[in-house]
Amino acid sequence: WQAMGRSRTMNNTVFSIYKSGVPDEMMDVEGPTHDIKKQALTRQLYVQNCDCKMAGNISSIYLTLIALLNLSQKSFYYRDQIVNTFLEKMERTLSGKVSHHEEELVQRVLGTPVPGGIFLHILTGKFKKSSNKKVVMEELSKSKVEVLLRHIVKQKFEQRVLSEDVYDDFISFLSGEQQSQMEISYTKQHQKQKQKQQNKTQDSDTMGVFDKKNQLALSFTTDNYFEDTISSNEDLAKMLLNVPVSVPILSIAYDVGGFQSTINVYPTLQFLYSHHICGAYIDEKVQGIVKGFDSPSEFYASFFKAVECAQAKHSGEALASSVEQLFIKVKVNLIRQNPQYSIAALKQGIYIIGMKDQFNIHDLKINPLNDHIQYVADEMGFILSDKTNSKDVTNFGPYFIEQYIMMEVLSKQEVAQNVLDYYCKQRDTLQRALSSYNERQGKGFICWRFLINETAKAAAAAKAEAKDTTGSSKSQ
């Protein structure tokens with residue numbers, strides 16, 4: 001009702017509204033249509049809604065104090081001495097500046113009759129609307145207002161501690177929904193962000209709903225963890241999170257132009273602790289592999305042995321010269337749709353999938369797999385690092401078809417569909433465009449638009465050359 005009464009887009013709209021619990025004197029069923037903004041019920045509901053949200057948050061009453069301070073000084077602007085709360089805390093100067101700010105407000109706002117009277121009137125009006133009887137019944141004297149002002153300033157800058165008296169109730173009411181020292185904003189944008197964060201929190205808590213048999217609990221003991229983090233050889237937590245599991249979480253068989261091969265994707269332990277996987281993956285075999293981690297050298301040797309054995313079963317033939325059709329069969333997929341990830345390519349058919357920033361340029365240097373990782377890409381197709389320097393669509397590298405088969409299966413990316421379509425129908429054209437692409441805009445087919453421009457230019461140049469050749473032959 002309130003929204004319709006205030007909406008500018010509904011001024012000429014007629015509504016039939018069924019009312020419940022409305023006073024009889026406001027009922028006029030038989031009469032003609034009325035402007036909803038002029039109805040007594042509209043005002044009643046609007047005032048009632050404002051009363052419920054009257055408290056706002058602690059910033060609203062603090063900004064009222066600042067406005068009254070400006071009024072007392074006949075100034076339009078206020079020069080704040082506390083610009084960056086975080087830096088002031090780090091330098092341990094915040095407490096002193098807050099105390100000085102309190103004294104300034106007490107002296108200039110409460111020490112001036114008009115601003116002091118306005119502040120008292122505002123507080124009295126607010127507290128009458130409270131559902132807390134202590135707040136409603138408490139009479140505000142000059143001394144109580146001064147103490148409350150100091151509490152407000154401290155709460156604004158997160159310096160206040162509970163006083164175990166009525167001032168806790170005052171601050172709680174003035175803070176709206178605030179449940180702690182941290183302030184909550186009431187803007188629409190912040191409400192949406194808060195809701196999104198709640199949804200993300202619910203989504204990311206998927207590990208909690210895994211069956212007990214699919215839960216992986218790991219622990220280790222260290223004398224001083226913070227000292228261990230200084231050395232990559234001692235940071236056991238990071239070492240564990242980076243280890244790959246030698247059981248494919250994604251396995252794709254594909255056939256293109258008579259060439260058959262298999263893509264096996266192995267997850268890092270950190271990826272297992274995300275909401276991107278299905279709990280069924282963490283079975284007894286996977287748990288046994290991870291819990292058997294003791295010596296890094298032995299673990300990685302065992303991993304490569306298992307990976308090579310799995311790959312040997314699906315070795316393919318050389319790519320055919322003509323490619324007409326692509327067949328893809330997903331044999332195993334225990335990754336949820338549209339995950340956020342980064343993927344490290346070791347060699348053709350062997351890939352390791354980790355969290356979004358797990359294979360960043362800094363951590364790669366200390367990763368035991370660094371010498372084996374040839375390139376790293378994310379779920380959008382951005383190439384984050386590349387050692388291959390390959391610009392060939394038929395050979396392993398960031399432009400090879402396997403990268404885009406994985407993107408198609410995991411995220412249904414449009415660029416992946418374009419690459420696969422061109423690879424099957426216009427592979428030569430795609431290769432020509434790629435050969436002339438200088439990679440200035442970035443590596444990978446994520447830069448599809450630039451590659452298409454190059455393709456168009458190449459096609460136009462070829463057509464013009466053919467035309468010139470034909471013209472020369474006729475003239476001769």
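Side-chain atoms are counted along with the backbone in the values below, which use heavy atoms only and exclude waters and symmetry mates.
Gln155 CD to Asp168 CG: the interatomic distance, rounded to the nearest 0.5 Å, is 9.0 Å. Residue Ile58 holds its CD1 atom at 11.5 Å from CZ of Phe157, rounded to the nearest 0.5 Å. Taken to the nearest 0.5 Å, the CD atom of Gln81 stands 7.5 Å off from the NE2 atom of His100. A distance of 12.5 Å separates CD in Gln159 from NE2 in His101, rounded to the nearest 0.5 Å. We find the CZ-CG distance between Arg336 and Asn333 to be 11.0 Å, quoted to the nearest 0.5 Å. Residue Leu326 holds its CG atom at 10.5 Å from CG of Asp421, rounded to the nearest 0.5 Å.
A salt bridge does not link Lys156 to Glu102: none of the charged nitrogens lies less than 4.0 Å from a carboxylate oxygen. Of the charged side-chain nitrogens involved, none lies within less than 4.0 Å of a carboxylate oxygen, so that Arg432 and Asp428 do not count as a salt-bridged pair.
The residue from Leu346, Ile350, Asn264, Ile352 that alone fulfils the side-chain contact (heavy atoms from CB on, under 4.5 Å) condition with Val307 is Ile350. Under the side-chain contact (heavy atoms from CB on, under 4.5 Å) test applied with Ser246, the options Tyr300, Phe304, Phe303, Phe299 reduce to a single match, Phe303.
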Q. Between Ile366 and Lys238, is a side chain to side chain contact (heavy atoms under 4.5 Å, CB included) present by the stated rule, with each step listed?
A. CA-CA 10 Å; Ile366 59 174; Lys238 179 169 282 189; 4.2 Å; yes
Criterion side chain to side chain contact (heavy atoms under 4.5 Å, CB included) on Ile335 and Tyr281, from CA distance to verdict
CA-CA 9 Å; Ile335 303 175; Tyr281 176 78; over 6 Å; no
Next on the checklist: Before you tell me yes or no, could you show the steps for Ile405 and Ile263 under side chain to side chain contact (heavy atoms under 4.5 Å, CB included), namely the whole-Å CA-CA distance, both residues' side-chain angles and the distance that decides it to 0.1 Å?
Outcome noted: CA-CA 9 Å; Ile405 291 175; Ile263 302 170; 4.0 Å; yes
Could you give me the CA-CA distance, side-chain angles and deciding distance for Ile252 and Val409, then say whether side chain to side chain contact (heavy atoms under 4.5 Å, CB included) is met? CA-CA 9 Å; Ile252 308 168; Val409 171; 3.7 Å; yes
- [ ] Begin from the C-alpha positions of Tyr404 and Gln417 and carry the test side-chain hydrogen bond (donor to acceptor under 3.5 Å, both in side chains) through to its verdict.
- [x] CA-CA 8 Å; Tyr404 302 93; Gln417 296 172 6; over 6 Å; no
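Side-chain contact between Val290 and Val245 is present, with heavy atoms from C-beta onward closer than 4.5 Å. Residues Phe400 and Asp392 form no side-chain contact, since every pair of their non-hydrogen atoms from C-beta on lies 4.5 Å or further apart. Residues Ser274 and Met355 have side chains in contact (heavy-atom distance under 4.5 Å, counting atoms from C-beta outward). Met380 is not listed as a side-chain neighbour of Met407, based on a closest heavy-atom distance of 4.5 Å or more. Looking only at side-chain heavy atoms (C-beta outward), Ile353 and Thr268 stay at 4.5 Å or farther from each other. At a threshold of 4.5 Å between non-hydrogen side-chain atoms, the residues Lys329 and Asp255 do not count as touching. Inter-residue side-chain proximity for Val247 and Val286 is flagged as met; some heavy-atom pair is nearer than 4.5 Å. The closest side-chain heavy-atom distance from Val265 to Leu410 is not below 4.5 Å.
By the neighbour-count criterion of 12 heavy atoms within 6.0 Å, atom CD of Glu414 is sparsely surrounded, having that number or fewer from other residues, nucleotides or ligands. Other residues, nucleotides and ligands contribute only 12 or fewer heavy atoms inside 6.0 Å of the CG atom of Asp294. Enclosure of atom NZ in Lys387 by more than 12 non-hydrogen atoms of other residues, nucleotides or ligands within 6.0 angstrom is indicated. More than 12 heavy atoms of other residues, nucleotides or ligands sit less than 6.0 Å from atom NZ of Lys356. Heavy atoms of other residues, nucleotides or ligands lying less than 6.0 angstrom from CD of Gln337 number more than 12.
Taking the six-membered ring for Trp and the full ring otherwise, the centers of Phe327 and Tyr254 sit at least 6.0 Å from each other. Separation of the Tyr375 and Phe396 ring centroids falls under the 6.0 Å cut-off.
Side chains of Asn367 and Asn370: no donor on one and acceptor on the other come within 3.5 Å. No side-chain donor-acceptor contact under 3.5 Å links Ser342 and Asp378. Of the N and O atoms on the side chains of Ser435 and Gln431, at least one donor lies less than 3.5 Å from an acceptor on the other residue. Defined by atom type and a distance below 3.5 Å, a donor-acceptor pair is missing between the side-chain atoms of Tyr341 and Gln358.
Using modelled atom types, one side-chain atom of Asn360 and one backbone atom of Asp363 make a donor-acceptor pair closer than 3.5 Å.
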